[in-house]
Amino acid sequence: MPIQTPLPADSPAMQRLLHGTTGIRYGGDYNPEQWPRATWVEDIELMKQAGINLVSVAIFAWGLLEPREGEYDFRQLDDIIDLLHKAGIDVDLATPTAAPPAWFWKKYPDSRPVTRDGITLGNGSRGMVSPSSPDYRRAAAAITEQLARRYANHPALVLWHVHNEYGAPISDSYDDDSVAAFRVWLQNRYGTLDTLNEKWGTTFWGQVYGEWDEIDAPRQSASVTNQAQRLDFHRFTSDALLECYINERDVIRRFTPDIPVTTNFMATNCLSADYWRWSQEVDVVANDHYLVAERADNHVLLALDADLTRSLAGGAPWILMEHSTGAVNWQPRNIAKRPGELARNSLSHLARGADGILFFQFRASRFGVEKFHSAMLPHAGAETRIWREVVALGQSLGSLAPVRSSRVTACVALVWDTESFWAQDFEWRPSAELGHRERIEAFYTVLWNRNVTVDFVHPTSELSGYELVIAPSLYLAGPAASENLTGFVRDGGHLLVSYFSGIVDLNDTVYPGAAPGALREVLGLTIPEFLPLHEAETVTLSDSRTGTAWTDDIEVSTAEVLARYVDGPAVNGPAITRNSFGAGTAWYVSTKLDGDDLDSLLLDVLNTAGIDAARGVTGVEAITRSTDTDDFLFLINHTDAEQAMSATGTELLTNTAVDGTVLVPAGLTRVVHSAR
Ligand code: GAL
């Protein structure tokens with residue numbers, strides 16, 4: 001019988017994972033192999049105190065589980081899993097394949113990854129292997145099979161955690177196995193060398209290939225390397241890593257066809273994996289998120305990451321697999337979280353669709369490179385503020401069980417396309433100011449400040465459920481994306497496009513004719529010339545807005561001009577346009593707007609699209625999760641003062657009735673449950 005992927009949400013094992021406890025799933029990575037057995041017993045007592053009901057084990061235990069190739073020792077892991085089970089704590093069992101053992105490197109040195117500039121990386125760390133190494137894939141499948149066979153029927157097992165953060169810290173490898181696999185991948189994609197030569201534009205700089213084995217990985221070269229080749233190498237790398245995941249998942253499926261399998265994503269980290277493809281292969285989306293400690297708006301970036309994760313999950317509940325209770329250890333300045341921040345962060349993820357809140361890690365390590373990373377249980381032990389906050393969060397999550405399975409809905413979507421980001425990030429683009437991430441964050445922040453909930457979409461996703469789609473930076477848009485966005489507007493949707501979008505096709509080739517080839521028709525304009533600005537140069541628009549970084553020389557065909565440039569290189573030319581197209585409308589903004597200028601533009605667009613965007617209380621995040629019958633309004637107060645917010649129903653964290661107004665204390669969260 002074919003095994004279904006993903007497992008149906010209503011299957012008993014998925015229900016058990018997400019509903020099998022009295023509260024929300026709560027816990028973290030647990031690495032007991034770093035401690036004596038007496039400590040495990042103490043840990044488990046503390047876990048019970050905190051209401052922990054799920055821990056991830058064995059993530060980095062390969063060297064202990066298989067001390068010599070083909071020789072296994074599961075005594076310690078048996079003991080740990082049994083102890084956890086006796087305490088009523090379920091297990092998210094990892095395959096330990098992110099850190100192969102020392103014997104593996106000695107025996108299979110060719111599996112070591114090679115960087116783009118030719119350095120073969122050594123061991124003594126983790127996450128470093130060529131994803132195309134047949135020796136690695138075979139060894140990974142072997143340890144996975146042993147684990148799956150041994151623990152298939154263990155009652156504690158509720159979830160499989162394959163590997164750890166595929167692609168981190170490095171993803172692409174320029175070793176011989178990768179080059180050979182890349183050639184096969186290209187043969188599958190293009191069929192013939194003639195097609196490849198055409199798609200890669202190899203007549204440029206005389207790069208024409210006559211034999212497949214002339215093709216190399218796009219390693220560091222004398223000057224800028226063929227960008228179509230580099231883009232394909234990114235795609236190939238994402239696929240090669242995904243094959244590693246599927247290789248292990250399919251072994252697991254043979255032994256536990258019903259137990260959900262996942263791997264932890266890093267949703268907004270686009271270095272290595274095109275998660276739109278990956279999310280099709282996991283039973284439940286799991287994500288790791290760490291604050292950028294020094295950014296004052298890091299809670300907004302957290303919300304962005306959580307919204308993207310929910311979108312990757314297709315709106316279904318997801319699991320926050322890792323975040324931190326306090327400081328991490330790998331940023332330039334590892335700023336500690338302030339009192340209450342741990343809960344605010346956790347509940348923001350929950351508000352945006354998470355049905356599990358886990359941390360890295362349960363007990364802080366005393367040795368190893370992460371000894372200065374925070375944990376649920378700090379070095380200083382249980383008599384600490386962090387531990388008290390961990391226990392309090394466990395209680396809160398216990399009260400929030402009714403929220404499980406409810407969903408967040410949005411009528412605005414932001415386009416997020418990893419392939420476009422990869423392509424835009426290559427060298428020799430028209431301006432160093434062209435940052436897709438910067439633009440997405442700018443648009444997202446304006447919407448967050450107005451408490452407009454957004455989903456993220458791939459440009460070829462079904463869009464008919466949205467009133468407004470925004471493409472803050474979509475440099476690459478293939479024909480399917482072009483048709484999809486154009487069709488969305490034709491059918492009555494509202495589309496807002498920011499500069500340097502729709503420029504190239506899937507091979508990073510400029511569309512024929514004037515820019516923006518993929519969006520010319522829907523925007524009703526052409527751009528004969530890009531006119532990027534000097535560093536720190538500003539331009540003034542006829543509506544008094546100020547632009548920076550970029551302008552275009554625009555010729556409108558059917559679009560109407562909403563604002564013109566009053567100075568700068570595009571003086572007198574259109575700056576912001578609107579095109580009525582079919583039953584819908586498409587806006588184009590050709591310069592970088594920020595702050596109030598971007599906010600007022602978005603407000604116009606939101607109003608035209610019929611979306612309520614009245615500003616609420618600044619700094620109070622309001623987001624609703626719903627079922628067919630119930631609403632759960634999360635009010636997260638990021639300010640230093642108590643805020644009175646409108647709501648009616650029952651406040652779940654304090655179990656009190658709310659009649660019209662709920663007071664949300666400074667830094668705290670309230671969750672008001674009401675019937676729809
Ligand atoms: C994650 C990783 C964990 C731990 C954590 C520290 O990226 O999966 O194993 O290293 O970072 O922040």
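Both ligands and their constituent atoms are indexed starting at 1 by order of listing.
- Protein heavy atom nearest atom 6 (C) of ligand 1, with residue, atom name and distance: His373 NE2, 3.1 Å.
- Counting heavy atoms closer than 4.0 Å to ligand 1, residue His289 contributes nothing at all.
- Using a 4.0 Å cut-off between heavy atoms, Ile59 makes no contact with ligand 1 at all.
- Looking at Leu147 and Pro96, their side chains come closer than 4.5 Å, going by heavy atoms from C-beta outward.
- The protein atom (non-hydrogen) at minimum distance from atom 7 (O) of ligand 1 is Glu165 OE1, 2.5 Å.
- Seen from the ring of Trp35, Arg363 counts as a face-on cation partner, given the 6.0 Å and 45° thresholds.
- Residue-ligand proximity, Trp330 to ligand 1, at heavy-atom distances under 4.0 Å covers atoms 6 (C), 12 (O).
- The single protein non-hydrogen atom nearest to atom 5 (C) of ligand 1 is Tyr290 OH, 3.4 Å, given as residue, atom name and distance.
- Using a 30° and 60° split on the angle between ring planes, Tyr275 and Trp278 fall in the perpendicular class, above 60°.
- Trp422 and His436 have their aromatic ring centers separated by at least 6.0 angstrom.
- Looking only at protein heavy atoms, the nearest one to atom 9 (O) of ligand 1 is Arg126 NH1, 2.9 Å.
- Counting only heavy atoms of the protein, atom 1 (C) of ligand 1 lies nearest to Glu322 OE1, 3.0 Å.
- The protein non-hydrogen atom at the shortest distance from atom 4 (C) of ligand 1 is Glu370 OE2, 3.3 Å.
- Between the side chain of Glu71 and the backbone N or O of Glu66, no donor-acceptor pair lies under 3.5 Å.
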### Task
Go through the steps to decide whether Asn264 and His161 satisfy the test side chain to side chain contact (heavy atoms under 4.5 Å, CB included), and finish with yes or no.
CA-CA 7 Å; Asn264 43 345; His161 178 300; 3.6 Å; yes

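- Below 4.0 Å from some heavy atom of Asn164 lie the following atoms of ligand 1, by number and element: 2 (C), 8 (O), 9 (O).
- The atoms of ligand 1 that sit less than 4.0 Å from any heavy atom of Phe60 are 9 (O).
- Aromatic rings from His373 and Phe360 are positioned such that their centres are separated by under 6.0 Å.
- Under 4.0 Å from ligand 1, not a single heavy atom of Phe359 appears.
- Side-chain contact annotation: Asp82 with His154, donor-acceptor N/O pair under 3.5 Å present.
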